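Here is the structure we will look at, set down as structure tokens.
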There are 2 protein chains.
Amino acid sequence: MSQPFSCSHDQHDHCVDAALTAAERLCREQRLRLTPLRRKILTLIWQSHRPVGAYDLLEILQKEGRAAPPTVYRTLDFLLESGLVHRLATRNAYFGCTRPGQDHAGHVLICESCHVLAEIDSADVVRQIDASADAFGFEVRRQTVEVSGLCPRCRQEADHAC
Amino acid sequence: MSQPFSCSHDQHDHCVDAALTAAERLCREQRLRLTPLRRKILTLIWQSHRPVGAYDLLEILQKEGRAAPPTVYRTLDFLLESGLVHRLATRNAYFGCTRPGQDHAGHVLICESCHVLAEIDSADVVRQIDASADAFGFEVRRQTVEVSGLCPRCRQEADHAC
DNA sequence: AAGTAGTATGTTATAAAGTAACAGAAAGTT
DNA sequence: AACTTTCTGTTACTTTATAACATACTACTT
Ligand SMILES: [Zn+2]
Ligand SMILES: [Zn+2]
Ligand SMILES: [Zn+2]
Ligand SMILES: [Zn+2]
């Protein structure tokens, strides 16, 4: 599972495989059931380093038989609760977690141009936010941090286009 | 416009008045039109220090005559673009900006218990996020930071309840 | 003042995202 | 096998948001 910004997309199968292996391990350890449907959805989500909409997933499922929204959303609920995927609030979309099982906030960088997404895990950011909240007497339970902008690749292309 | 966490809600008219005055000034300076409808919606949003849903606003408008979603959403678009309100992505809701006209990221703390919301403006957090993104070669355009947890008031009550 | 361009609002219909409720199937337990 | 729990299918619906077009209002030009 290489870093999204540096993943050479012709070798991206590695990422999918790694994600599935990690998922299997996590489910074994936590006695969760990684059923065919759940594995399927997780695989679909990992097909790219981009967030995927619930109805995109549904559409794909429907090409291989009947399927309805609850099927997708229930599966997403499982994946979210088990920490295998995160939800991107600013886009109503879902993406695979790069560190399932590890305690982390799920902060992301997302490219406005190519939509590639990277989960960043900066302890400094987490601490700064905790400190800021603390100054207000606020008890932090969850930090949602979604940073949009330009990924390195698109940035370069923008430069070339001058 | 006192800090949300410390606003004594029986004197909250001050906040509404301050917000409207600030809005008038901003619209005058930027040659934007603060029409009756826009003023109305902005006032409704400022009735509390809590985020308000578009359909909540619609419902209120409908008590005083006909109204349809586009009316609300267009008005919200204006208020968002002029920087008079922000959107809370994690809750599909809208809240009044405490610093319209000033350049800032619109980071918020939101209480999971009473839903009171405070806009924080920590230059440290902004810088940390910029620095983290920079380490990836990522160019930041917008930071969405929404921190949920317990506000000081609800925290106290939780303590008393022991 | 009348004409006109631009902006704002009304109206109808529809899209997109998410959930409730119940039925049936599959997997685990005794 | 009988029972319990968990997972999936299905239908119907709620919530959030937008497209498209009609009308009204404003501000400026002549
Ligand atoms: Zn990859
Ligand atoms: Zn993660
Ligand atoms: Zn107040
Ligand atoms: Zn603000």
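All values derive from a computational prediction rather than experimental measurement. Below, read A as the first sequence line, B as the second, and so on, with proteins coming before strands; counting in each chain starts at 1.
Note on ring orientation: taking the six-membered ring where Trp is involved, the planes of B:Tyr73 and B:Tyr94 are perpendicular (angle over 60°, cut-offs 30° and 60°).
Both B:Leu32 and B:Ile45 belong to a common hydrophobic cluster when Ile, Leu, Val, Met, Phe, Trp and Tyr are linked at side-chain heavy-atom distances under 4.5 angstrom.
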Worksheet item: Would B:Arg25 and B:Glu29 count as a salt bridge (charged side-chain N to carboxylate O under 4.0 Å, His left out) if you check the C-alpha gap in whole Å, the side-chain angles of each, and the deciding distance to 0.1 Å?
Response: CA-CA 6 Å; B:Arg25 202 184 125 194; B:Glu29 284 173 3; 3.0 Å; yes
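For the pair B:Asp77 CG and D:dT18 C1', the computed distance is 10 Å after rounding to whole Å. Atoms CD (A:Gln62) and P (D:dG9) sit 12 Å apart, rounded to a whole Å. Rounded to whole Å, the distance from CG on A:Leu80 to P on C:dT19 is 10 Å. Across the protein-nucleic acid pair, B:Leu88 atom CG and D:dA17 atom P stand 11 Å apart, rounded to whole Å. The CG atom of A:Asn92 sits 11 Å away from the P atom of C:dT19 (whole-angstrom rounding). To the nearest angstrom, P of C:dG28 lies 13 Å from CG of A:Leu34. Here the C1' atom of nucleotide D:dT8 and the CG atom of A:Leu79 are 14 Å apart, to the nearest Å. Across the protein-nucleic acid pair, A:Arg66 atom CZ and C:dA25 atom C1' stand 16 Å apart, rounded to whole Å.
The phosphate of D:dT8 (OP1 or OP2) has no side-chain N or O of A:Thr71 nearer than 4.0 angstrom. A close approach under 4.0 Å does occur between a side-chain nitrogen or oxygen of A:Arg38 and OP1 or OP2 of D:dT8. Considering only side-chain N and O atoms, A:Tyr73 lies nowhere under 4.0 angstrom from the phosphate OP1 or OP2 of C:dA16. Listed pair A:Arg33 / C:dA27 fails the phosphate criterion, with no side-chain N or O lying under 4.0 Å from OP1 or OP2.
Between B:Phe78 and A:Asp56, the residue whose closest nucleotide on DNA chain C is further toward the 5' end is B:Phe78. Closest-nucleotide positions on DNA chain D for A:Pro69 and A:Thr75 were compared, and the one nearer the 5' end corresponds to A:Thr75.
Side-chain proximity of A:Thr35 to the nucleotides D:dC7, C:dG18, D:dT10 is greatest for D:dC7. Nearest nucleotide to the A:Pro70 side chain, out of D:dT10, D:dT16, C:dT11: D:dT10.
For a distance-only test at 3.5 Å, the side chain of A:Arg31 fails to qualify as a donor-acceptor partner of the base of C:dG28. A donor-acceptor contact under 3.5 Å is formed by the side chain of B:Tyr55 with the base of D:dA17.
Between B:Lys40 and B:Glu64 there is a salt bridge, since at least one side-chain N of the basic residue sits less than 4.0 Å from a carboxylate O of the acidic one. Under the 4.0 Å criterion applied to side-chain N and carboxylate O atoms, A:Asp77 and A:Arg74 are not assigned as salt-bridge partners.
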